[in-house]
Asker: 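Here it is: the structure, laid out below.
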Amino acid sequence: MLINKKVVPKRIKQARISRGFSKVELADLIGVTRQAVSQYESGKIEPSWVVLNEMSRILKYPVDFFRKSVSEEAQALVVFFRSKKT
């Protein structure tokens, strides 16, 4: 477990977007303001342990996911889904 590592702001945004939540929706679900979510994602403030656990539960990612660094390659990867229908 990565208890002593700080939360990586890009991971919060990555998890939120991957689950299809807006900042407002996530904020409502975890009980904080939209501005707080924005500050978590920008790295201005770090979520409390309680908020991080709730975020983990709502977004269905383990807490350690939010503490792992994001490699340059992973940041550049973008996945597009397309129907094979013509």
Asker: CD/Glu54 to CD1/Ile58 distance, rounded to the nearest 0.5 angstrom?
Answerer: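 These two atoms lie 4.5 Å from each other.
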Asker: Do you reckon Val24 sits in the same ILVMFWY cluster as Ile45, going by side-chain contacts under 4.5 Å, direct or chained?
Answerer: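 In one cluster with Val24: Ile45, no.
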Asker: Between Gly43 and Pro9, what is the shortest heavy-atom contact and its length?
Answerer: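 Gly43 and Pro9 have their closest heavy atoms at CA-CG, 3.5 Å.
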Asker: For Thr33, check side-chain hydrogen bond (donor to acceptor under 3.5 Å, both in side chains) against everything at least two apart and list the hits.
Answerer: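 side-chain hydrogen bond (donor to acceptor under 3.5 Å, both in side chains) check on Thr33 returns nothing, list empty.
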Asker: Do Arg67 and Val8 have side chains that get closer than 4.5 Å, going by heavy atoms?
Answerer: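 SC-SC contact between Arg67 and Val8 ruled out.
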Asker: Before you tell me yes or no, could you show the steps for Leu59 and Phe66 under side-chain contact (heavy atoms from CB on, under 4.5 Å), namely the whole-Å CA-CA distance, both residues' side-chain angles and the distance that decides it to 0.1 Å?
Answerer: CA-CA 11 Å; Leu59 297 174; Phe66 298 101; 4.1 Å; yes
Asker: Rounded to the nearest 0.5 Å, how far does CG of Leu26 lie from CD1 of Ile17?
Answerer: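 Going from CD1 on Ile17 over to CG on Leu26, the span is 11.0 Å.
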Asker: Look at the side-chain heavy atoms of Ile, Leu, Val, Met, Phe, Trp and Tyr, link any pair under 4.5 Å apart, and say whether Trp49 and Ile12 land in one connected group.
Answerer: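 Yes; tracing contacts between hydrophobic side chains, which count when under 4.5 Å, links both residues.
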Asker: Might you confirm whether atom NZ of Lys23 has over 12 heavy atoms from other residues, nucleotides or ligands at distances under 6.0 Å?
Answerer: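 Yes, the 6.0 Å shell around NZ holds more than 12 heavy atoms from other groups.
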Asker: Evaluate the side-chain proximity of Pro47 to Val32: yes if any heavy-atom separation is below 4.5 Å, no if none is.
Answerer: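 They are not in side-chain contact.
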Asker: Please list all pairs passing the side chain to side chain donor-acceptor pair (under 3.5 Å) test where one or both residues lie in residues 38-47, with sequence neighbours left out.
Answerer: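 Residue pairs passing side chain to side chain donor-acceptor pair (under 3.5 Å), neighbours aside: Arg16-Glu41.
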Asker: For Arg19, check salt bridge (Lys or Arg N to Asp or Glu O under 4.0 Å) against everything at least two apart and list the hits.
Answerer: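 With sequence neighbours excluded, Arg19 shows a salt bridge (Lys or Arg N to Asp or Glu O under 4.0 Å) to no residue whatsoever.
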Asker: If you round to the nearest 0.5 Å, how far is CE of Met55 from CD1 of Ile30?
Answerer: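 CE of Met55 is found 4.0 Å from CD1 of Ile30.
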